[in-house]
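One structure is given below, encoded as structure tokens.
Any value given below was found using the heavy atoms of this structure, including those in side chains, with hydrogens, waters and symmetry copies removed. On a predicted model such as this, the values are computed, not experimentally measured, just so you know.
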Amino acid sequence: MNLKIAVLSGDGIGPEVVLQAKKALYAIGVVFDHEFVFEDALIGAVAIEKTGKPLPEETLNLCLNTDAVLFGTVGDLKQDGNSNTHLSPIQGLLKLRQALGLYANIRPIKPYNDLLDLSPLKRKIIEDTDFVIFREISGGSYFSEKKINEQGTLASDLCEYSDEEIIRITHLAFRTAQKRRKKVTLVDKASILETSRLWRKIVKEISENYPDVAVDFLYVDNAAMQIIINPKQFDVILTENLFGDILSDEASVITGAIGLLPSASLGNSNALFEPIHGSFPEAKRKNIANPIASILSAAMLLDHFGLQEESQRVYEAVEKAIELNVVTADLNPYSKFGTNEVGDFISNYILSKDDLYFKSDNVYIGQSTIV
């Protein structure tokens, strides 16, 4: 398979972690005889500095004419406080999602057995947790009308959803549940919000087309609690933009580190893959950022194009790195491995499982032997 991939590394640690994802994809290409053509473009704070726009036209045109987008992070200490919201780095990502017609953000939550003790939650609570959050990302209060009065004393953000926006992601969530444990949980606030009532009405109607999938409903405040006290009850969580943003970040506590969580944003004809963590500008160019979420985003890219054996190879390489403690300091404070070393290990494992380039005994005791 030949794929043209737009690479938007963005700001902060973005370029460093995306580089490791590219290494993994290159290794997959070598092993499975695929060709991945990467084209780089600007977005976020770096784009503002160089072009005056968080999403330059050249970047958008590239993304519209590639098979997928591999995304890093946006955000900068200097730009994030910009009073002109149109020049905020995050606007680059929001505008890109809108222009590409992306509507479903998919975030898998599945902790690694070797890292269960990193979570502040008890092992017995999170062990065997495995669910996916489907967050609608094209509507809601993030994209609707925003107002503030001249005095700066009154503001509003309109939350608005159409039936079409709800229908398309609901079908996607139910089809995914059919391939998993056959349960969908809608998270809303139907006791108060009219938009939530519309969500619940449409989901109930659509659920009749999927008799093999159980459906239940939780108010968002209860869902936030249930994710912490009993996460194993969930299979597919479906929710609107704002609720999904909050709940998916909350769920990262289950894995013990936000640097482990990838995501995919899908539309009818475009797809974007990114880690859920931020730009962490304090760690920029220090070789300490965890690249695993970015590498797993590349695995989700492979899954999206039907390359299951290839994606499994990436997942297996990540699991081996964690098993052998080839991880960054956020996962093991005594680790001598940095961003590049973890990426090198994973890409080399993909190339040859049996020809590792370090002494595994030393890795277990934390001595860096990568050359």
Side-chain angles (χ1 to χ4, degrees), residues 1 3 28 32 34 67-68 101-113 126-138 165-188 199 202-218 223 226-227 230-240 243-244 247-248 251-252 254-255 260-276 293 295-319:
M1 179 178 286
L3 292 176
I28 289 293
F32 293 93
H34 300 308
D67 296 300
L102 307 178
Y103 62 84
N105 181 254
I106 303 168
R107 298 188 179 187
I109 307 295
K110 185 177 180 180
Y112 292 92
N113 288 333
I126 62 174
E127 195 168 20
D128 299 322
T129 293
D130 181 2
F131 65 89
V132 182
I133 297 176
F134 276 70
R135 168 193 169 198
E136 204 291 325
I137 57 170
S138 69
E165 289 171 328
I166 300 170
I167 288 169
R168 59 190 181 183
I169 190 172
T170 300
H171 279 295
L172 191 59
F174 273 88
R175 288 197 296 268
T176 299
Q178 286 182 314
K179 302 172 187 176
R180 291 174 49 89
R181 301 195 309 278
K182 296 179 171 55
K183 180 182 177 184
V184 171
T185 300
L186 175 67
V187 173
D188 61 27
W199 270 87
I202 291 173
V203 170
K204 284 181 178 178
E205 292 171 353
I206 290 176
S207 68
E208 295 177 3
N209 299 316
Y210 300 89
D212 57 330
V213 177
V215 60
D216 66 349
F217 305 89
L218 285 179
Q226 294 298 324
I227 284 174
N230 185 19
K232 284 180 277 197
Q233 69 181 286
F234 297 112
D235 181 24
V236 174
I237 291 177
L238 171 64
T239 192
E240 60 105 71
F243 297 162
L247 292 178
S248 56
S252 69
I254 294 169
T255 66
L260 294 170
L261 295 179
S263 75
S265 296
L266 307 181
N268 291 330
S269 56
N270 296 295
L272 180 149
F273 304 88
E274 62 176 314
I276 78 163
I295 293 169
L296 292 176
S297 297
M300 293 187 76
L301 183 155
L302 295 169
D303 267 326
H304 176 69
F305 288 100
L307 303 176
Q308 274 77 37
E309 184 180 356
E310 290 87 337
S311 66
Q312 190 56 42
R313 188 73 165 256
V314 178
Y315 292 128
E316 184 182 338
V318 169
E319 289 175 359

Over all atoms of both residues, closest heavy-atom pair of [X] and [Y]:
| X | Y | value |
| --- | --- | --- |
| I133 | S248 | CD1-CA, 3.5 Å |
| A68 | L301 | CB-CD1, 4.0 Å |
| L102 | S265 | CD2-O, 3.6 Å |
| E165 | E136 | O-CG, 4.0 Å |
| T255 | S252 | OG1-O, 2.9 Å |
| V187 | I237 | CG2-CG2, 3.8 Å |

Roughly how far, to the nearest 0.5 Å, is [atom2] of [Y] from [atom1] of [X]?
| X | Y | atom1 | atom2 | answer |
| --- | --- | --- | --- | --- |
| N209 | F174 | CG | CZ | 9.0 Å |
| Q233 | D216 | CD | CG | 7.5 Å |
| I166 | E240 | CD1 | CD | 9.5 Å |
| T239 | D188 | OG1 | CG | 7.5 Å |
| K110 | D130 | NZ | CG | 5.0 Å |
| Q178 | D212 | CD | CG | 4.5 Å |

Within the 4.5 Å heavy-atom criterion, are [X] and [Y] side-chain neighbours or not?
| X | Y | answer |
| --- | --- | --- |
| E310 | F305 | no |
| L3 | H34 | no |
| F134 | V184 | no |
| I167 | H171 | yes |
| V213 | V236 | no |
| S263 | R135 | no |

Partners meeting side-chain contact (heavy atoms from CB on, under 4.5 Å) with D303 (sequence neighbours left out) = Q308, S311, Y315
With sequence neighbours left out, what residues match D128 under side-chain contact (heavy atoms from CB on, under 4.5 Å)?
-> K232
Please step through side chain to side chain contact (heavy atoms under 4.5 Å, CB included) for the pair E319 and Y112, ending with a clear verdict.
-> CA-CA 8 Å; E319 289 175 359; Y112 292 92; 3.6 Å; yes
D235 side chain to K182 backbone, donor-acceptor under 3.5 Å = yes
F234 backbone acceptor or donor facing R181 side chain under 3.5 Å | yes
Please lay out, stage by stage, how I28 and R313 fare under the test side chain to side chain contact (heavy atoms under 4.5 Å, CB included).
-> CA-CA 8 Å; I28 289 293; R313 188 73 165 256; 4.0 Å; yes
For residues 266-276, which side-chain N or O atoms pair as donor and acceptor with protein atoms under 3.5 Å away, sequence neighbours left out?
residue: N270; atom: ND2; partner: L100; partner atom: O; Å: 3.0
residue: E274; atom: OE2; partner: R97; partner atom: NH2; Å: 3.4

Does the pair I227 and I254 meet the rule for a side chain to side chain contact (heavy atoms under 4.5 Å, CB included), with working shown?
-> CA-CA 9 Å; I227 284 174; I254 294 169; 4.0 Å; yes
Establish, yes or no, whether the cationic atom of K183 lies under 6.0 Å from the six-membered ring centre of F131 and within 45° of the ring axis.
-> no
Is the CD atom of E205 crowded by more than 12 outside heavy atoms at less than 6.0 Å?
-> yes
